[in-house]
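Heads up, the thing below is written out as structure tokens.
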Amino acid sequence: MLDKKCFTYKTIASPSAATHRVLGSKHLAFAFPVSSIEDVKEHLEKLKRDYHDASHVCYAWRLGWEKKNYRHSDAGEPSGTAGRPIFGQLLSHDLTDVLVAVVRYFGGTKLGTGGLMDAYKTAAKLALDSATIVEREARERWVIEFPYAHIGPMMKMVKDHHLEKISMEQGDPGKLEVFIPLFLLPEIQQKLAGLEGILMQKTEV
């Protein structure tokens with residue numbers, strides 16, 4: 001069995017928010033747990049509707065336990081003054097599956113490049129500092145088709161490894177949909193390879 005700690009990641013348990021004011025400008029920072037680009041888009045669209053009178057809605061997000069999928073946006077602020085500092089806080093906190101957005105209301109006094117970078121960085125940091133950070137197991141969603149004769153071993157596998165069952169069809173073949181922690185995947189694949197007629201297919205979460 002692989003080392004479980006190699007397949008964990010840190011994220012936030014629930015949304016959090018904070019406010020940062022500097023030279024009259026108000027920065028409303030929001031952190032959201034997300035699991036897909038669709039989640040990100042929904043949160044950003046809602047913020048833009050709710051704060052339609054704001055000067056800017058800048059953001060950064062990162063997705064996936066491998067932390068390879070990310071994006072940041074200055075949303076009209078000078079290049080590199082908003083999205084990058086926000087993203088820097090995701091890196092500092094070592095978080096993924098998180099969106100941080102900062103809504104800015106201009107207060108009449110220009111902050112300058114350095115002032116903007118500091119303001120967005122501070123706002124993002126405050127939002128993440130107030131969030132509850134949790135460690136989770138990386139996992140994948142699999143559909144397993146099996147002859148009805150193997151229903152006993154399949155149920156034993158689910159019970160022994162405490163797998164989260166999504167759905168179950170008891171036909172012939174039967175169909176089981178489960179979340180499998182990545183550190184357990186090689187062991188489970190090896191066990192199922194010894195049973196005739198098993199078909200495994202990974203699906204999107």
Side-chain angles (χ1 to χ4, degrees), residues 5 7-141 164 179 204-205:
K5 290 295 293 183
F7 297 95
T8 61
Y9 63 94
K10 290 195 296 183
T11 188
I12 61 175
S14 57
S16 63
T19 300
H20 176 58
R21 291 180 171 85
V22 55
L23 294 179
S25 287
K26 182 168 67 172
H27 298 77
L28 309 177
F30 303 89
F32 302 98
V34 290
S35 59
S36 67
I37 294 176
E38 288 68 30
D39 287 348
V40 170
K41 289 179 178 178
E42 287 180 11
H43 285 301
L44 289 175
E45 288 170 2
K46 186 175 188 307
L47 287 175
K48 290 173 182 177
R49 289 196 304 269
D50 292 348
Y51 300 96
H52 59 88
D53 56 340
S55 309
H56 303 275
V57 180
C58 307
Y59 61 88
W61 53 262
R62 185 157 66 165
L63 290 171
W65 75 275
E66 293 181 296
K67 307 170 187 174
K68 293 180 178 179
N69 194 7
Y70 61 87
R71 185 180 177 186
H72 46 78
S73 172
D74 297 311
E77 293 282 31
S79 179
T81 62
R84 220 172 260 282
I86 297 170
F87 184 65
Q89 289 306 300
L90 288 177
L91 298 179
S92 295
H93 288 74
D94 192 27
L95 297 173
T96 190
D97 283 357
V98 177
L99 161 69
V100 178
V102 179
V103 178
R104 183 191 181 203
Y105 283 91
F106 180 53
T109 302
K110 292 185 177 181
L111 303 182
T113 300
L116 281 172
M117 293 176 68
D118 185 67
Y120 281 103
K121 172 186 173 181
T122 301
K125 182 179 187 302
L126 290 172
L128 292 175
D129 284 349
S130 66
T132 300
I133 295 176
V134 293
E135 188 172 65
R136 291 188 175 152
E137 293 178 355
R139 61 184 189 172
E140 292 177 340
R141 185 170 179 166
E164 181 182 341
F179 281 113
E204 293 300 322
V205 176

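Note that the structure is a prediction, hence the values are computed from the model and not measured. Values below: all heavy atoms of this structure, side chains included; hydrogens, waters and symmetry mates excluded.
Note that the CZ atom of R62 and the CG atom of D94 stand 6.0 Å from one another [nearest 0.5 Å]. The distance from the CG atom of L111 to the CZ atom of R104 is 4.5 Å, given to the nearest 0.5 Å. With values rounded to the nearest 0.5 angstrom, H93 atom NE2 is found 4.0 Å from D129 atom CG. With rounding to the nearest 0.5 Å, the separation of CZ in F32 from OG1 in T11 is 13.0 Å. Going from atom CE of M117 over to atom OG1 of T81 covers 7.5 Å, rounded to the nearest 0.5 Å. Here I12 contributes atom CD1 and S130 contributes atom OG; the two are 8.5 Å apart, rounded to the nearest 0.5 Å.
Atom OH of Y70 sits in a sparse spot, with 12 or fewer heavy atoms from other residues, nucleotides or ligands closer than 6.0 Å.
Contact between L90 and V98 at its shortest, heavy atoms only, is CD2-CG1, 3.7 Å. Nearest approach of A13 to V134, heavy atoms of both residues: CB-CG1, 3.9 Å. Closest approach of V22 and A119 over heavy atoms only: CG1-CB, 4.0 Å. Taking both residues in full, the closest heavy atoms of A29 and V102 are given as CB-CG2, 4.0 Å, listed atom of the first, atom of the second, then distance. Between P85 and A82, the shortest heavy-atom distance links the atoms CD-O, 3.1 Å. Residue V57 comes nearest to A75 through the heavy atom pair O-CB, 3.1 Å, listed as atom of the first residue, atom of the second, then distance.
With hydrogens and angles ignored, the 3.5 Å screen pairs a side-chain donor or acceptor of D97 with a backbone N or O of G64. A distance-only check finds a donor-acceptor pair linking the side chain of S16 to the backbone of A127 [under 3.5 Å]. Proximity of a side-chain donor or acceptor of D74 to a complementary backbone N or O of G80 within less than 3.5 Å is detected. Counting only distance, with no hydrogens or angles, the side chain of D118 and the backbone of G114 share no donor-acceptor pair below 3.5 Å.
With F30 as the fixed residue, the ring-ring contact (aromatic ring centres under 6.0 Å, His included) test singles out one of W61, Y59, Y51: Y51. Looking at H27, H20, H56, E77 one by one, the single match for side-chain hydrogen bond (donor to acceptor under 3.5 Å, both in side chains) with Y120 turns out to be E77.
Put simply, the side chain of P33 reaches to within 4.5 Å of the side chain of P15, judged on heavy atoms. Using a 4.5 Å heavy-atom threshold, the side chains of H43 and V34 count as touching.
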Report the C-alpha separation of F7 and E137 in whole Å, then their side-chain angles, then the decisive distance to 0.1 Å, and conclude whether the side-chain contact (heavy atoms from CB on, under 4.5 Å) test is met.
CA-CA 6 Å; F7 297 95; E137 293 178 355; over 6 Å; no
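F87 and H72 have tilted rings, their planes meeting at an angle from 30° to 60° on a 0 to 90° scale.
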